[in-house]
Amino acid sequence: MSKTYKIAVVGGDGTGPEVACEGVQVLNAAASKYGFKLDCTDFDFGGDRYLATGEVLPDSASRDLAQFDAIFLGAIGH
């Protein structure tokens, strides 16, 4: 049985979502080659969210992200 890693994907904004998307493809290729699995969940944290809602992070962000083995971050700006 192969190990499954839970990954929180925070694409962010600017080029971040594109970088994160390509990075996840690389992670999936590595998972396939080395026999592990990924369970990725996207989060909309970043400058775009702030500009749209005025909220940097929801109150639940640290609790939600703590449930993952790793956080894959694209780029956050604005």
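As the structure is a prediction and not an experimental result, all values here were calculated from the model.
- Residues Phe43 and Leu73 fall within the same hydrophobic cluster, defined by Ile, Leu, Val, Met, Phe, Trp and Tyr side chains chained together at heavy-atom separations under 4.5 Å.
- Hydrophobic clustering of Ile, Leu, Val, Met, Phe, Trp and Tyr side chains at less than 4.5 Å, counting indirect connections, unites Leu51 with Phe45.
- Note on residues 49-61: pairs passing salt bridge (Lys or Arg N to Asp or Glu O under 4.0 Å), not counting sequence neighbours, are Asp44-Arg49, Arg49-Glu55.
- Nearest heavy atom pair, residue Pro17 against residue Gly12, reads CG-O, 3.7 Å.
- Screening residues 62-75 for salt bridge (Lys or Arg N to Asp or Glu O under 4.0 Å) gives no qualifying pairs among residues at least two apart or on separate chains.
- Of all heavy-atom pairs between Gly74 and Ala20, the closest is CA-CB, 4.3 Å.
- Figure legend: Lys6 and Phe68 shown as a cation-pi pair, the cationic atom lying under 6.0 angstrom from the six-membered ring centre and within 45 degrees of its axis.
- For the residue pair Gly35 and Ser2, the shortest heavy atom distance occurs at O-CB, 2.9 Å.
- Rounding to the nearest 0.5 Å places NZ of Lys33 at 15.0 Å from CG of Asn28.
- Put simply, the side chain of Asp48 never gets that close to the backbone of Asp13: no donor and acceptor are under 3.5 Å apart.
- Linking Ile, Leu, Val, Met, Phe, Trp and Tyr residues whenever their side-chain heavy atoms come within less than 4.5 Å leaves Val19 and Val26 in two separate clusters.
- The side-chain contact (heavy atoms from CB on, under 4.5 Å) search around Ile7 returns Tyr5, Val9, Leu38, Cys40, Ala70, Phe72, not counting sequence neighbours.
- Among residues two or more places apart in sequence or in another chain, the side-chain contact (heavy atoms from CB on, under 4.5 Å) test is passed with Ile71 by Ala8, Val10, Leu65.
- Not a single side-chain contact (heavy atoms from CB on, under 4.5 Å) links Ser32 to another residue, sequence neighbours left out.
- The salt bridge (charged side-chain N to carboxylate O under 4.0 Å, His left out) search around Glu22 returns none, not counting sequence neighbours.
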